[in-house]
Amino acid sequence: MRFPRHAAIFAACLFFAACHRAGGDIAIAVAADAPGGRSVIRVSGLSSAELAAAPDASADADRWRALMRVSVADAPGDQPALAGRYAIAGSTLEFHPMFPLDPGRKYRVVVDRATLGAVAGSAPVTEVVALPAVAHATTTTVTHVYPTADALPENALRFYIEFSAPMSRSSGLDYVRLKDDQEQEVADPFLPLDVDLWSRDYKRYTLFLDPGRVKTGILPNEQMGRALEAGRTYHLDISAEWRDANGQPLAKPHRQTFKVTAAETRPIDPARWTIAAPAAGSRDPVMVTLDRPLDHGLLQRAVGISRAGEPPIAGDVSIAPGEREWRFTPAAAWIAGDYDVMILSLLEDAAGNRIGRSFEVDKFDRIDDKPEAIVRRPFRVK
C-alpha cells in the first residue's frame with residue numbers, strides 16, 4: 001500500500017519526534033509551589049522508559065544523587081549536595097529540599113541520564129536555577145561578634161556572629177575570613193561542618209576555630225600550628241555578600257579586630273568570682289564579676305539564681321561587654337534570705353576550659369554521658 005507523499009513526511013516527523021523525546025533535551029526548573037509554599041526542583045522531558053528505570057522510594061540517597069544532584073552554585077569550591085527528598089510525580093522527576101531554597105541564590109542541578117540505562121554514554125545535563133530575589137531593601141547588618149573582648153587567648157575556640165534580621169541557610173565559611181596584622185589571610189582556620197550551627201531564628205551563627213589545630217599534641221596542630229599566634233593582631237572579616245533570608249546581601253561588611261595573648265589552659269574556678277548582692281525589696285541585679293572572659297552563649301544558659309534548696313527563680317540575664325560580668329535581674333523583688341549562683345559544669349571560657357577541667361587535657365575519644373554537675377556559690381540578700 002502506498003501513502004501520499006505528505007502522509008509519509010508526517011509519519012517520518014512523528015518517528016523523529018519520538019526518538020528525540022527518548023534521548024533529547026530535558027527541562028530543569030525551580031518553583032515555589034510545593035505544599036506549604038516550599039520550593040521544588042522539577043526535571044521534565046524524561047521518557048517513560050527512563051522514569052521506569054529511576055530508583056524507587058526506598059532507594060538510598062546516594063542512588064538518587066547519582067541521578068540528580070543539587071548543590072549551591074554561587075559559592076567557591078565543590079559544594080556538598082543538598083539534603084532532601086526525591087520523587088516521581090507523573091512524568092516529572094522532583095527534588096524537594098529539606099530546607100527552603102534561598103531567594104536569589106543560585107543552585108546547580110546535574111542530571112545524569114546514563115544512570116537510567118536508556119541513554120547510556122550521554123553527558124550529564126547541568127542547569128543553574130534560582131528563585132527570584134525578594135524585593136527588599138538591603139538593611140540586614142552584623143550587630144555583634146562575640147567574644148567582644150579586645151584580646152583573646154591564642155587557643156580560642158569559637159565566635160558567635162549575630163545579625164539584625166534572619167539570614168539565609170548558606171554556610172558562613174564562604175563569607176568569613178581571618179586575616180593577620182599584615183592583611184594576609186590565615187589558611188584553613190575554621191572547622192568545616194556538614195551542618196551549620198544557627199539559632200532557631202537564624203540570627204545567630206556559631207563559627208568554630210578548628211580544635212584540631214588548637215589542641216596541642218595532635219596531628220593538625222603539629223603540622224599547621226594554631227591559627228592564632230600570641231602577640232599578634234587579627235581581623236575577622238565578614239563579607240557583605242552573605243545573604244539574608246530575603247536573598248539580599250548585607251548592608252555593609254563587618255570587621256572585628258582583636259589582639260592575641262598567651263594560651264589560657266586553666267580550668268574555670270567559680271571560687272575566684274565576686275558577687276555583689278542586691279538589697280531586699282529591690283529589683284536591682286545581682287552582679288557576678290568573673291575572673292576571665294567566659295563564653296557568651298553559655299553564660300546565657302548555664303548560670304542562674306535560686307533560693308537555697310529551691311528551683312531557679314525567673315528573671316533576665318545580661319552580660320556586660322567583654323564577657324567578664326554576669327547580671328541577673330529578678331522578675332519580682334528580692335526577698336531577704338540565702339541564695340545561690342548556680343553554674344552548670346558545661347560552662348566554658350573562650351578556650352573551651354570548663355569547671356575543674358582544662359580543654360588541653362580533655363579527651364576527644366570519649367563521650368561523657370554523666371549528667372552535668374551544678375556548682376553553687378552562695379550569697380545573702382539583706
Side-chain angles (χ1 to χ4, degrees), residues 28-42 61-62 64-65 68-87 94-110 126-146 158-178 189-210 236-254 297:
I28 302 172
V30 61
D33 58 358
R38 286 200 170 189
S39 46
V40 58
I41 295 176
R42 293 191 175 98
D62 289 339
W64 279 109
R65 288 171 183 162
M68 178 182 180
R69 188 177 189 276
V70 182
S71 60
V72 174
D74 57 359
D78 184 20
Q79 297 296 309
L82 299 186
R85 177 176 60 85
Y86 295 84
E94 294 184 346
F95 174 72
H96 298 259
M98 181 178 294
F99 302 104
L101 301 180
D102 297 324
R105 179 138 216 196
K106 295 179 180 179
Y107 295 88
R108 180 176 292 104
V109 184
V110 180
T126 300
E127 187 72 55
V128 174
V129 299
L131 292 172
V134 179
H136 286 278
T138 303
T139 58
T140 303
T141 60
V142 175
T143 56
H144 298 93
V145 175
Y146 298 101
R158 65 174 70 82
F159 294 96
Y160 298 106
I161 304 173
E162 293 190 350
F163 300 89
S164 61
M167 294 292 289
S168 66
R169 278 71 172 172
S170 54
S171 172
L173 295 184
D174 299 329
Y175 305 101
V176 182
R177 298 291 181 266
L178 182 66
F190 304 120
L191 177 66
L193 295 171
D194 292 335
V195 178
D196 286 282
L197 299 180
W198 285 99
S199 60
R200 290 185 179 182
D201 61 3
Y202 282 88
K203 294 172 69 175
R204 183 181 179 109
Y205 181 80
T206 303
L207 179 70
F208 284 94
L209 289 160
D210 190 341
L236 188 72
D237 284 346
I238 301 169
S239 170
E241 294 301 314
W242 203 342
R243 295 183 178 272
D244 64 16
N246 293 317
Q248 300 297 319
L250 296 178
K252 58 182 178 180
H254 183 90

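Computed from heavy atoms alone, side chains included, the values below leave out hydrogens, waters and symmetry copies. Note that the structure is predicted; figures quoted are calculated from it, not measured.
- Counting only distance, with no hydrogens or angles, the side chain of Tyr107 and the backbone of Asp102 share a donor-acceptor pair below 3.5 Å.
- Between Arg65 and Ala83, the closest heavy-atom pair is NH2-CA, 4.0 Å.
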TODO: With side-chain contact (heavy atoms from CB on, under 4.5 Å) as the test, would you mind laying out the steps for Tyr160 and His144 before giving the verdict?
DONE: CA-CA 8 Å; Tyr160 298 106; His144 298 93; over 6 Å; no
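- Between the side chain of Asn246 and the backbone N or O of Gln248, no donor-acceptor pair lies under 3.5 Å.
- To the nearest 0.5 Å, atoms CG (Leu207) and OH (Tyr175) are separated by 14.5 Å.
- Residues Met68 and Tyr86 approach most closely at O-OH, 2.8 Å, considering heavy atoms.
- Ring geometry for Trp198 against Phe163 counts as tilted: the plane angle lies between 30° and 60°, on a 0 to 90° scale.
- Side chains of Val70 and Pro97 form no contact here, defined as non-hydrogen atoms less than 4.5 Å apart.
- To the nearest 0.5 Å, atom CZ of residue Arg243 and atom CZ of residue Arg169 are 15.5 Å apart.
- Atom-to-atom distance recorded for Met167:CE and Asp196:CG is 11.5 Å, nearest 0.5 angstrom.
- The minimum heavy-atom distance linking Pro132 with Pro103 is given by the pair O-CB, 3.4 Å.
- Residues Tyr205 and Val176 form no side-chain contact, since every pair of their non-hydrogen atoms from C-beta on lies 4.5 Å or further apart.
- In terms of heavy atoms, Lys106 sits closest to Ala130 at CA-CB, 4.1 Å.
- Annotation: the span from Leu250 atom CG to Ser239 atom OG amounts to 7.5 Å, rounded to 0.5 Å.
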TODO: Check the pair Leu197, Phe208 against side-chain contact (heavy atoms from CB on, under 4.5 Å), reporting the backbone distance first and the verdict last.
DONE: CA-CA 10 Å; Leu197 299 180; Phe208 284 94; 3.2 Å; yes
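- A donor-acceptor contact shorter than 3.5 Å links the side chain of Ser164 to the backbone of Thr141.
- Across Ala240 and Lys252, no two heavy atoms sit closer than the pair CB-C, 3.8 Å.
- Under the side-chain contact (heavy atoms from CB on, under 4.5 Å) rule, Phe159 has a single partner from Thr206, Ile238, Leu209, which is Leu209.
- Residues Pro249 and Glu241 share a closest heavy-atom pair of CB-CA, 4.4 Å.
- Two residues are said to be in side-chain contact when any heavy atoms from C-beta on lie closer than 4.5 Å; Arg85 and Trp64 fail this criterion.
- In this structure, Thr143 OG1 and His254 NE2 are separated by 8.5 Å, a value rounded to the nearest 0.5 Å.
- Side chains of Leu82 and Leu101 form a contact here, defined as non-hydrogen atoms less than 4.5 Å apart.
- The distance from atom CH2 of Trp242 to atom CD1 of Ile161, rounded to the nearest 0.5 Å, is 4.5 Å.
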